[in-house]
Structures are given as C-alpha cells and as structure tokens.
Number of protein chains: 2
Amino acid sequence: MTDNAAHPNERISEAEQAVLEALWDAGEPLTAASVAQRVGESRGWSLATVKTLLSRLVGKNAIATQPDGRRFLYSPLIAREDFLGHESRRLVDRLFGGRAASLFAHLAEAEALTESDLSEIETLLKELRK
Amino acid sequence: MTDNAAHPNERISEAEQAVLEALWDAGEPLTAASVAQRVGESRGWSLATVKTLLSRLVGKNAIATQPDGRRFLYSPLIAREDFLGHESRRLVDRLFGGRAASLFAHLAEAEALTESDLSEIETLLKELRK
DNA sequence: TCACTACGATTACAGGTGTAAACGGATTCG
DNA sequence: CGAATCCGTTTACACCTGTAATCGTAGTGA
C-alpha cells in the first residue's frame, strides 16, 4: 500500500468541504440525493453539482462508497477532527508563522471574540493548566 | 466611488500573499526587482513570476504603484492587520461556524499550543477582562 | 544614431474549482 | 415490451492560480 487512506494527499476545496460536512453531520452513509438535499438546498446547488463534488472527493480518497442495491452510499474516510486540525494548522502557519498565540491575539483585537468565547476559553485554559 | 480601496473585493492567493508579505516587511515602497529578490529567492520564483503576481495584486487593488523614473514602486494598499483579521475570520467561519472558542479548543487539543502560547493567551485574556 | 538593456504589459498554458448538462445502463411503471 | 426514471460517469466550460516567456517601448552607452 502506497497511499494512506487516513489523510488524502490532495487538497479539499471549499465546496467539497461542504459536502463532507453533510456526511459528517449525518453520522451515517448517505446517498447522493440525500447529500444533495442537505447541502444543495442551502447552497443552491443542483444535484449534478453535488454528484460532481462527491466524485471528486472519492477521487481524492476523502470519502468511500459502498454499493446499496443500485446506488452508492457515501461516507467520510477522514475524520472531521483531523480535517479541522489540519486546516487550522495550515492557517496558523501561513498567516502567523505557526504562532497560535498570535492568531488568538488577532481575533481578540479584532473583537472577533464574544464574551462567551472568552468565558469558554478561560475555562479551557484552566483545564489545560490543571 | 464604488469600490473601497481599503479592502479589495477579490481574494488574494497564497503566492500573492507572499509578495504582499515582502512589501509589508519592507515598510517602504519597493521595485519589482527588489520584491523578487526578497520573495523570489526563498521561493525559487523567477523575476517574471514576481512581476505577474505584482500585476495581479494591482488589479485586485491590493497594492499601489507610484512611478519612480522609469519603473514603479509598489506599496501595499491593505494593512497586514486587516488581511490577517479577514483571513482568520474566514477560517473561523468556514471551519468552526464562527465560533472562535472552537478553534481555540481545537488547537489546544491538537497540542498545537505551546506552554508559552498558553501563557500569552492567559495574559491577553486578563487584559481583555480588565 | 544604434544596438542593448530594463521594465511594465501581454500572452501562455496546465491544473484546480465551481457549476452543470449529457450519456448510458439498469429498473420500474403501464 | 417500451417509455420514463434513476443513478453514476463523462464531458464541458469559464475563472483562478502558479509559473513563466515574449513583446514593445523608453532610455543608455558607444
């Protein structure tokens, strides 16, 4: 085996992410039509578009198909956690030279942090420090 | 006036960002050659490539040109702070539904936060709470 | 003045992305 | 059995990106 299923090499685009999100959300394998209903509707995508995205995700080894009679059921091959972690790190690296504290400072300064964000973070910090 | 110079509508790509970075870094207007020296070298880009990126940035209203004899001096039209803020928010929105605390939790869990990150954040929190 | 050089502008071109329509085989309804 | 339907696959196509090469024009050195 040359490729690692757990982390697809190719990048996942924004539109593709939306599709993945639907699968993560569902928690169980979905048909293309079902995915389209969940994503397409809010995004205004046609079924055809969703199908294309699903195919591309399969090609990128990001989701798997399992036959269900005549059609396929799609399910994620990568964990949401992993994806988020990966993307977050990418951003921190790209914009802040890897310094997470800088990102935080930025969000804080830009007032992108609500009062409840602050409380939550405070709590998290305490736990981390325990 | 229909367009706001302070925030270019079009997206800035990664390569373009690198060029902007050089201009921000310099703190003063630079010639194309100078930019190429600063970015191109570390990235292995030819002068031609850097020129293209500069042109695209001009087209996107992200940098300005001022004539200096026969050439141009390029300088950023958008502030680094603004760019970072914008991109950070984009990520938080895209990946965490706008919840900055979730991003933070993720970084923490992924152990992407060093001890000094934690200290810094703690300090920042205290200030914000004052 | 004339070849040469330095520069911005124009053109190029492959690969990724957003957004679909068309195609072809299986299935089901009448 | 034939038409309509469902579904994955193939093809389309414009725009963005990375990465240049080439063109045209304005100076420069001989």
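Here the structure is a predicted model, which is why all the values come from computation and not from measurement. In what follows, chains are A, B, ... by sequence order, proteins preceding strands, each numbered from 1.
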Inset, instruction - Using a strict cut-off of less than 4.0 Å between a Lys/Arg side-chain nitrogen and an Asp/Glu carboxylate oxygen, indicate whether A:R80 and A:E21 qualify as a salt bridge. - result: yes
Legend entry - A:R99/B:E120 ion pair, N-O < 4.0 Å: yes
Legend entry - For atom CZ of B:R11 and atom P of C:dG16, their distance in whole Å: 19 Å
Inset, instruction - Could you check whether A:G59 gets within reach of a base, just the sugar-phosphate, or nothing at all, counting any heavy atom under 4.0 Å? - result: nothing
Inset, instruction - Measure from the side-chain heavy atoms of B:K60 and tell me the nearest of C:dG8, D:dT17, C:dT17. - result: D:dT17
Legend entry - Nucleotide nearest B:Y74 when distance is taken to its side chain, options D:dT17, C:dG18, C:dG8: C:dG8
Legend entry - Whole angstrom value for the distance that separates P of C:dG18 from CG of A:L53: 7 Å
Legend entry - Between P of C:dA20 and CG of A:L54, the distance in whole Å: 15 Å
Inset, instruction - Compare side-chain N and O positions of B:K51 against OP1 and OP2 of D:dT22 and report whether any pair is under 4.0 Å apart. - result: no
Inset, instruction - Remember a base hit wins even if backbone is also touched, and classify B:A48 as base, sugar-phosphate or nothing at under 4.0 Å, heavy atoms. - result: base
Legend entry - Interatomic distance, A:I63 CD1 vs D:dG8 P [rounded to whole Å]: 11 Å
Legend entry - Distance test, side-chain N/O of A:R70 to OP1/OP2 of C:dT27, below 4.0 Å: yes
Legend entry - Residue-phosphate contact under 4.0 Å: B:S13 side-chain N/O, D:dG18 OP1/OP2: yes
Legend entry - CZ (B:R43) with more than 12 external heavy atoms under 6.0 Å: yes
Inset, instruction - Would you mind classifying the nucleic acid contact of B:A33 as base, sugar-phosphate or nothing, using non-hydrogen atoms under 4.0 angstrom? - result: nothing
Inset, instruction - Take the protein atom CZ of A:R71 and the nucleotide atom P of D:dC7, then report the distance between them rounded to whole Å. - result: 6 Å
Legend entry - Under 3.5 Å donor-acceptor pair, A:R56 side-chain atoms to C:dG18 base atoms: yes
Inset, instruction - Rounded off to whole Å, could you give me the CD-to-P distance for the A:E14 and C:dG18 pair? - result: 7 Å
Legend entry - Rounded distance in Å - CG (B:D68) to P (D:dA26): 18 Å
Inset, instruction - Check the pair A:E122, B:R129 against salt bridge (charged side-chain N to carboxylate O under 4.0 Å, His left out), reporting the backbone distance first and the verdict last. - result: CA-CA 10 Å; A:E122 207 160 33; B:R129 278 314 181 69; 3.1 Å; yes
Inset, instruction - To the nearest Å, give me how far apart CD1 (A:I12) and P (C:dG18) are. - result: 12 Å
Inset, instruction - Tell me whether the OP1 or OP2 atom of C:dA20 has a side-chain N or O from A:T52 closer than 4.0 Å. - result: no
Inset, instruction - Using a heavy-atom cut-off of under 4.0 Å over every strand shown, decide if B:G40 touches base, sugar-phosphate, or nothing. - result: nothing
Legend entry - Minimum-distance pair of heavy atoms, taken over all atoms of B:Y74 and B:I63: CD2-CD1, 3.7 Å
Inset, instruction - Scan B:T49 against the nucleic acid and name what it touches under 4.0 Å (heavy atoms): base, sugar-phosphate only, or nothing. - result: base
